[in-house]
Amino acid sequence: MMSGTTTNVHPFDRKLLARMTGALGDDRAIGRVALDLGQVFGEFLPDICKAETGLDIAIGYAGFRTGLRNNLITELGHGVLISDVSLRNWSPDFQIGCDSPIIITMVEALLGAEPTDIEEPQPRVLSPIEIDVAQPIFEKIADVLRTAVNASGGFEPIVARAHNSAARGKPDPAVEDVHAAAIDMTIGFGPVLSTFSIIVPQSVLLKTQIVFPKGAGQNRKQKSEWTEQMEEQVRRSAVTIEARIRLESLTLETISRLQAGDVIPFHDAQDVRVDVNANGRDLYVCEFGRSGAKYTVRVKDTHGSEQDILRHIMS
């Protein structure tokens, strides 16, 4: 005889339920939407920012991350500006986050500083004036996104005033978190290479069809063909990418006496040249930089065409 406390009712796996209801997708599906959206940003946001601020800003796709939305927002870290955004008939609640160093640098440039004279700032809490300068950038990011997603009705995005990540309230524990994806984009100006991210529920992205604005078709086709070949190669083999930075020349005697904690300066006095290679083949000429607390390299030139680089990696 079964005990009265025994039951055959078991809790349903939440991830499985999310997949069954379209709230959670596989990384491949999310990645394709993220890549297409990243290409739209890369092609159109620089011109829009130029028209809005007069500054030459470089934009590039930096990949995507998946997880619960509150965790993805937390992972943006400190010294980040965040805005809550809604777009009717697409998503009522998504976020745009941007590292503070790029905002600080843009403010200095708008105040008359030459980009070459600006030193890369550390991430920090932004002042109300700096947030005012950043607000149009957030709005232009939302405008580009609006033109790219299949939201009916032609509604304008509603972009709440951005706030420092340190000032963001804690999530309501009574509200269940949702599976989301963070689409990461690099944004560079002068000596600074930062990141901005769009965090969107996966349930929205899985239903999204990216519409490439007029004039983007040919570039998109070329990029898609190259990307498909690249993905096929990545599925078959691992590619190790290395970056080399030239250091100051030292005598053999000095090298033999180096101890832990000694510092060797870079050879370059201004922009630090970095050579990036894969499988022993030089691919890119880059410059040294940072994105938040992470060290990065920004591509300045390539060794050959896209097909040349693909052949180098695959050989």
Side-chain angles (χ1 to χ4, degrees), residues 31 34-50 55-65 98-99 101-102 105-106 109 115-116 118-121 137 141 144 182-198 216 218-231 233-234 237-247 266-315:
L35 175 61
D36 285 347
L37 186 57
Q39 289 178 1
V40 173
F41 278 120
E43 289 187 34
F44 290 93
L45 191 55
D47 290 340
I48 293 175
C49 288
K50 174 72 173 180
L55 304 177
D56 291 313
I57 297 172
I59 303 293
Y61 177 61
F64 72 100
R65 295 168 288 119
C98 185
D99 292 339
I102 190 69
T105 303
M106 290 171 62
T116 54
I118 299 175
E119 295 184 1
E120 182 174 8
I137 302 300
I141 292 172
V144 172
I183 302 166
D184 298 325
M185 302 293 301
T186 58
I187 175 169
F189 174 71
V192 177
L193 182 66
S194 288
T195 303
F196 74 84
S197 303
I198 301 95
Q218 186 60 36
N219 287 337
R220 177 179 64 87
K221 182 179 179 182
Q222 294 173 354
K223 290 180 180 179
S224 296
E225 290 174 350
W226 186 87
T227 301
E228 288 175 1
Q229 295 179 52
M230 190 66 171
E231 287 180 347
Q233 172 62 14
V234 170
S237 64
V239 177
T240 300
I241 299 177
E242 298 178 338
R244 302 189 308 273
I245 300 177
R246 187 177 177 185
L247 303 178
F266 294 139
H267 177 269
D268 302 300
Q270 298 295 325
D271 293 336
V272 178
R273 176 184 169 121
V274 181
D275 293 312
V276 174
N277 70 78
N279 293 346
R281 303 292 185 94
D282 286 336
L283 303 179
Y284 306 108
V285 176
C286 304
E287 61 183 8
F288 187 67
R290 292 182 64 179
S291 176
K294 297 182 179 179
Y295 291 100
T296 63
V297 293
R298 177 166 56 191
V299 176
K300 297 182 66 178
D301 199 3
T302 63
H303 289 282
S305 65
E306 290 181 345
Q307 290 301 319
D308 291 335
I309 292 174
L310 183 61
R311 282 195 295 270
H312 287 333
I313 296 176
M314 295 179 68
S315 62

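If you're wondering where the values come from, they're calculated on a predicted model, not measured in any experiment. Positions are given from 1, in the same order as the sequence printed here.
Taking 4.5 Å as the limit, some side-chain heavy atom of L247 sits within range of a side-chain heavy atom of F266. Between T105 and E120 the shortest side-chain heavy-atom distance does not fall below 4.5 Å. Looking at M185 and L37, their side chains never come closer than 4.5 Å, going by heavy atoms from C-beta outward. By the 4.5 Å heavy-atom criterion applied to side chains, R298 and T186 are not counted as neighbours. Within the 4.5 Å cutoff, the side chain of T195 has no heavy atoms near those of the I187 side chain.
Between D282 and R244 a salt bridge is recorded (basic side-chain N to carboxylate O distance below 4.0 Å).
Y284 and V299 make their closest contact through CD2-CG1, 3.9 Å (heavy atoms, listed as atom of the first residue, atom of the second, distance). Heavy atoms only, all atoms of each residue included: F64 and G31 are closest at CE2-CA, 3.4 Å. Heavy atoms only, all atoms of each residue included: P101 and P121 are closest at O-CG, 3.6 Å.
With rounding to the nearest 0.5 Å, the separation of CZ in F196 from CD1 in I59 is 5.0 Å. In this structure, the separation between CZ on R273 and NZ on K300 is 9.0 Å, given to the nearest 0.5 Å. A distance of 11.5 Å separates CG in D301 from CD in E287, rounded to the nearest 0.5 Å.
Exactly one of V144, I141, I57 qualifies for a side-chain contact (heavy atoms from CB on, under 4.5 Å) with C49. That residue is I57.
When the side chain to side chain donor-acceptor pair (under 3.5 Å) test is applied to R65, the partners found at least two apart in sequence or on another chain are E75, D184.
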Exercise. List the steps and the verdict of side chain to side chain contact (heavy atoms under 4.5 Å, CB included) for K50 and D56.
Key: CA-CA 6 Å; K50 174 72 173 180; D56 291 313; 3.2 Å; yes

Quiz item: Hey, mind stepping through V285 and D275 against side chain to side chain contact (heavy atoms under 4.5 Å, CB included) and telling me if it holds?
Solution: CA-CA 5 Å; V285 176; D275 293 312; 4.2 Å; yes

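Ring centroids of Y61 and F41 are separated by 6.0 Å or more, keeping the two rings apart.
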